[in-house]
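One-based numbering, in listed order, for ligands and for the atoms of each.
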Amino acid sequence: VLKVNLSLRKNIKSHLSVLHRNCTELGPNHMLKGKRVIVTGASTGIGEQMAYHLARMGSHILITARTEAKLQKVVERCLELGAASARYVSGTMEDMAFAEHVVKEAEASLGGLDMLILNHVGTSYFGYFDGDVGHVRKLLEINFLSYVAMTVSALPMLKESEGSIVVVSSMAGKVGFPFTVPYSATKFALDGFFSSLRQEFSIQSVNVSITLCILGFIDTGKRSAV
Ligand SMILES: NC(=O)C1=CN([C@@H]2O[C@H](COP(=O)(O)OP(=O)(O)OC[C@H]3O[C@@H](n4cnc5c(N)ncnc54)[C@H](OP(=O)(O)O)[C@@H]3O)[C@@H](O)[C@H]2O)C=CC1
Ligand SMILES: C[C@H](CCC(=O)NCC(=O)O)[C@H]1CC[C@H]2[C@@H]3C(=O)C[C@@H]4C[C@H](O)CC[C@]4(C)[C@H]3CC[C@]12C
């Protein structure tokens, strides 16, 4: 047993050193060079900044949100920063057909997909829960169901490329806090869905990674009162 353990450790050590050497030689800025990436909610805030990082790394970028004028400007900036290509599709994630259309657009224009970054978030309020069930339903559609719809549509391409799904969530999706009840519910739903799906991928040896990003407050210049 000791012999097997020692040889296993040696093997892992040598694999890690090769991996480390490859990463160091290429540098972190090359990790997504040439990769085909969708970023949702990329007209402002964190999504916009992620698009610029991907552009600096030389990725092919497809961004989406509702506001066409802002998306146009982000695409122009991405091209200036060195994106291999950049394009946008505008529309609302209240509509599941639109969510699926974005993925189809990646297939048609990029011929596949390496990374799906799900980041968009619908407008909510910061205050006591007001009992508006319609608002909770709408927010679940935008913040949760459209994430599921895009994942289902993108999965064949991601399996093919052995790619990644990145889901942007929040502290409010891990712990209950006051004043963000509908928002928090949608983020908890993401954890339930994607953490369970990750377990199934592991059992089925599906080589698609799922990363849930748990962010605290990030000042994007938009909100000051929270
Ligand atoms: N900022 C923070 O403190 C924190 C943020 N997060 C998470 O990070 C992610 C990004 O947040 P942040 O950058 O602050 O958010 P922003 O409000 O700055 O950006 C939200 C993005 O989603 C898009 N969007 C809004 N509604 C819709 C819709 N109905 N259909 C399609 N797109 C829509 C917006 O564009 P448009 O209006 O043009 O459609 C915009 O591009 C979110 O998932 C959020 O929950 C998590 C923790 C903290
Ligand atoms: C209230 C925001 C919901 C999205 C929204 O309305 N966007 C449009 C607009 O502002 O015009 C929340 C988005 C991110 C939330 C913050 C977060 O996720 C981290 C903390 C979580 C904690 O539970 C409460 C405080 C947070 C800072 C939280 C506050 C509400 C958001 C800004």
Side-chain angles (χ1 to χ4, degrees), residues 37-55 61-78 86-106 115-127 132 134-151 153-154 165-195 210-226:
V37 187
I38 292 178
V39 187
T40 71
S43 63
T44 55
I46 295 166
E48 179 185 357
Q49 296 306 317
M50 284 196 283
Y52 297 152
H53 276 289
L54 290 160
I61 306 164
L62 173 61
I63 60 170
T64 180
R66 290 168 304 177
T67 319
E68 193 167 358
K70 286 186 189 168
L71 289 171
Q72 248 162 15
K73 285 190 180 153
V74 177
V75 160
E76 277 166 26
R77 184 81 188 117
C78 284
R87 47 178 56 75
Y88 70 85
V89 192
S90 61
T92 179
M93 290 291 175
E94 285 163 64
D95 176 6
M96 297 312 121
F98 174 73
E100 288 157 10
H101 168 69
V102 174
V103 176
K104 295 278 171 299
E105 190 53 41
M115 185 176 275
L116 174 64
I117 304 183
L118 299 165
N119 165 78
H120 62 275
V121 63
T123 306
S124 192
Y125 55 88
F126 190 79
D132 183 350
H135 175 69
V136 178
R137 179 197 290 272
K138 186 176 167 190
L139 212 59
L140 271 167
E141 281 169 359
I142 300 169
N143 295 4
F144 172 64
L145 266 186
S146 68
Y147 280 44
V148 174
M150 288 190 79
T151 297
S153 296
I165 302 168
V166 176
V167 177
V168 180
S169 188
S170 158
M171 294 267 294
K174 277 283 175 193
V175 187
F177 283 100
F179 311 130
T180 56
V181 170
Y183 171 78
S184 181
T186 67
K187 294 297 190 183
F188 267 80
L190 289 174
D191 197 355
F193 182 85
F194 284 99
S195 298
I210 298 181
T211 305
L212 192 69
C213 307
I214 309 301
L215 309 183
F217 178 66
I218 292 172
D219 185 0
T220 59
K222 202 174 167 190
R223 307 175 185 89
S224 53
V226 288

>> Need the ligand 1 atom indices (1-based, order shown) with element for anything under 4.0 Å from a heavy-atom of Thr67.
In response: 36 (P), 37 (O), 38 (O)

> Under 4.5 Å between any side-chain heavy atoms of Thr44 and Thr67, yes or no?
Replying inline: no

> If we only count heavy atoms from C-beta on, is the Val136 to Asp132 side-chain gap below 4.5 Å?
Replying inline: no

> Where on Ile142 is there a heavy atom closer than 4.0 Å to ligand 1, on the side chain, on the backbone, on both, or on neither?
Replying inline: side chain

>> Rounded at 0.5 Å granularity, tell me how far NZ in Lys187 sits from CD1 in Ile214.
In response: 9.0 Å

> What orientation do His135 and Tyr125 show, parallel under 30°, tilted 30 to 60°, or perpendicular over 60°?
Replying inline: tilted

>> Counting C-beta onward and ignoring hydrogens, is there a side-chain heavy-atom pair between Tyr147 and Phe193 closer than 4.5 Å?
In response: no

>> Quick check for you: to the nearest 0.5 Å, what is the distance between Ile38 atom CD1 and Arg87 atom CZ?
In response: 11.0 Å

>> Quick check on Tyr183 - does any of its heavy atoms sit under 4.0 Å from an atom of ligand 1?
In response: yes

> Can you list the ligand 1 atoms lying under 4.0 Å from a non-hydrogen atom of Leu215?
Replying inline: 46 (C), 47 (C)

> Name the one of Val74, Leu71, Thr64 that satisfies side-chain contact (heavy atoms from CB on, under 4.5 Å) with Tyr88?
Replying inline: Leu71

>> Which of the numbered atoms in ligand 1 are under 4.0 angstrom from any heavy atom belonging to Ser43?
In response: 34 (C), 35 (O), 36 (P), 38 (O), 40 (C), 41 (O)

> Looking at Thr92, which atoms of ligand 1 are within less than 4.0 Å of one of its heavy atoms?
Replying inline: 28 (C), 29 (N), 30 (N)

> Taking all non-hydrogen atoms of both residues, which atom of Asp191 and which atom of Gly173 are closest, and how far apart?
Replying inline: OD2-O, 4.1 Å

>> Within the structure, is a non-hydrogen atom of Gly91 found at a distance of less than 4.0 Å from ligand 1?
In response: yes

> Is any side-chain heavy atom of Met93 less than 4.5 Å from a side-chain heavy atom of Met150?
Replying inline: yes

> What atoms in ligand 1 come closer than 4.0 Å to a heavy atom of Ala42?
Replying inline: 41 (O)

> Considering only heavy atoms, does Ser146 approach ligand 1 within less than 4.0 Å through its side chain, its backbone, both, or neither?
Replying inline: neither

> When you measure from the side chain of Tyr183 to the backbone N and O of Leu139, does any donor-acceptor pair fall under 3.5 Å?
Replying inline: no

>> For the 3.5 Å polar cut-off, considering only N or O atoms, please tell me whether Thr220 and ligand 1 meet it.
In response: no

> Asn143 side chain to Val121 main-chain N or O, any donor-acceptor pair under 3.5 Å?
Replying inline: no

> Does an N or O anywhere in Ser170 fall below 3.5 Å from an N or O of ligand 1?
Replying inline: no

> Quick one: which ligand 1 atoms are inside 4.0 Å of a heavy atom on Gly45?
Replying inline: 13 (O), 18 (O)

>> Can you tell me which portion of Lys187 lies within the under-4.0 Å heavy-atom range of ligand 1? Options are side chain, backbone, both, or neither.
In response: side chain

> For Gly47 and ligand 1, does the shortest N/O to N/O distance drop below 3.5 Å?
Replying inline: no

> For ligand 1, which atoms sit closer than 4.0 Å to a heavy atom of Gly216?
Replying inline: 3 (O), 47 (C), 48 (C)

> With respect to atom 42 (C) of ligand 1, which of Asn119, Val168, Leu118 exhibits the smallest heavy-atom separation?
Replying inline: Asn119

>> Between ligand 1 and Phe217, is the shortest N or O to N or O distance under 3.5 Å?
In response: no

> Relative to atom 27 (C) of ligand 1, which among Arg66, Glu68, His120 owns the nearest non-hydrogen atom?
Replying inline: Arg66

